[in-house]
Amino acid sequence: MRPIRVSVSSQAASATIPLDTYQDPFNVSIGVVLSAGASLTYSVQHTFDDVYANNFDPATATWFNNSGLTSKTTSLDGNYNMPVTAVRLNVTTYSSGTATMTVIQAGMPGR
């Protein structure tokens with residue numbers, strides 16, 4: 001999977017990034033970088049809901065905070081080694097700046 005990046009510059013959640021639960025190994029790396037002078041708090045969240053279902057709505061999905069990337073105010077990285085169906089970046093308090101999350105999932109296309 002090529003790196004996928006989402007940015008948030010307000011108190012809001014990013015677009016949902018679906019992951020491939022059939023990859024073996026599943027391994028997903030996540031990095032969140034804050035712009036210079038950013039004043040915000042963010043959490044990386046994941047869901048087990050079926051993001052490909054016709055009635056999937058990110059606003060009503062069940063989201064869980066990544067235990068290592070919750071209520072953070074600095075640039076950090078983390079990972080998932082067990083399957084989840086999607087991740088997102090959720091900025092919970094915002095004064096200024098931008099948070100950008102990069103997601104990379106292991107696996108060989110066409111394997």
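This chain uses plain numbering: 1 for the first residue, then up along the sequence.
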V51 reachable from F48 in the ILVMFWY side-chain graph, under 4.5 Å edges: no
Separation of S96 OG from L40 CG (nearest 0.5 Å): 7.0 Å
T16 OG1 to L89 CG distance, which is reported to the nearest 0.5 Å: 11.5 Å
Any donor-acceptor N/O pair, D50 side chain to Y52 backbone, under 3.5 Å: yes
Side-chain donor/acceptor of S9 to backbone N/O of T98, under 3.5 Å: no
Nearest non-hydrogen partners of V6 and A15, listed with the distance: CG1-O, 4.5 Å
Heavy-atom side-chain proximity of V103 to Y80 below 4.5 angstrom: no
Modelled atom types, side-chain donor and acceptor of R5 and T102, under 3.5 Å: yes
Where G97 and S35 come nearest, the two heavy atoms and their spacing: CA-OG, 3.4 Å
Nearest heavy-atom neighbours spanning R88 and P58: NH1-O, 3.7 Å
Distance (rounded to the nearest 0.5 Å) between F64 CZ and T70 OG1: 12.5 Å
Working for side chain to side chain contact (heavy atoms under 4.5 Å, CB included), residues T21 and T85: CA-CA 6 Å; T21 59; T85 58; 4.1 Å; yes
Min side-chain heavy-atom separation Y42-V32 under 4.5 Å: yes
CD-CG distance between Q45 and N66, expressed to the nearest 0.5 angstrom: 10.0 Å
ILVMFWY cluster, I4 and I30 together (side-chain gap under 4.5 Å): yes
Test side chain to side chain contact (heavy atoms under 4.5 Å, CB included) applied to V8 and Y94, step by step: CA-CA 10 Å; V8 178; Y94 180 84; over 6 Å; no
Smallest separation among heavy atoms of M101 and V87, with atom names: CE-CG2, 4.3 Å
Inter-residue atom distance N65.CG - T92.OG1, 0.5 Å rounding: 8.5 Å
ILVMFWY network linking V28 to W63, side-chain heavy atoms under 4.5 angstrom: no
Heavy-atom closest pair, residues D49 and T47: N-OG1, 3.1 Å
Smallest separation among heavy atoms of T93 and Q11, with atom names: CA-OE1, 4.2 Å
Between CG on residue L34 and NZ on residue K72, distance to nearest 0.5 Å: 12.0 Å
Joint hydrophobic cluster, F26 plus I17, side-chain heavy atoms closer than 4.5 Å: yes
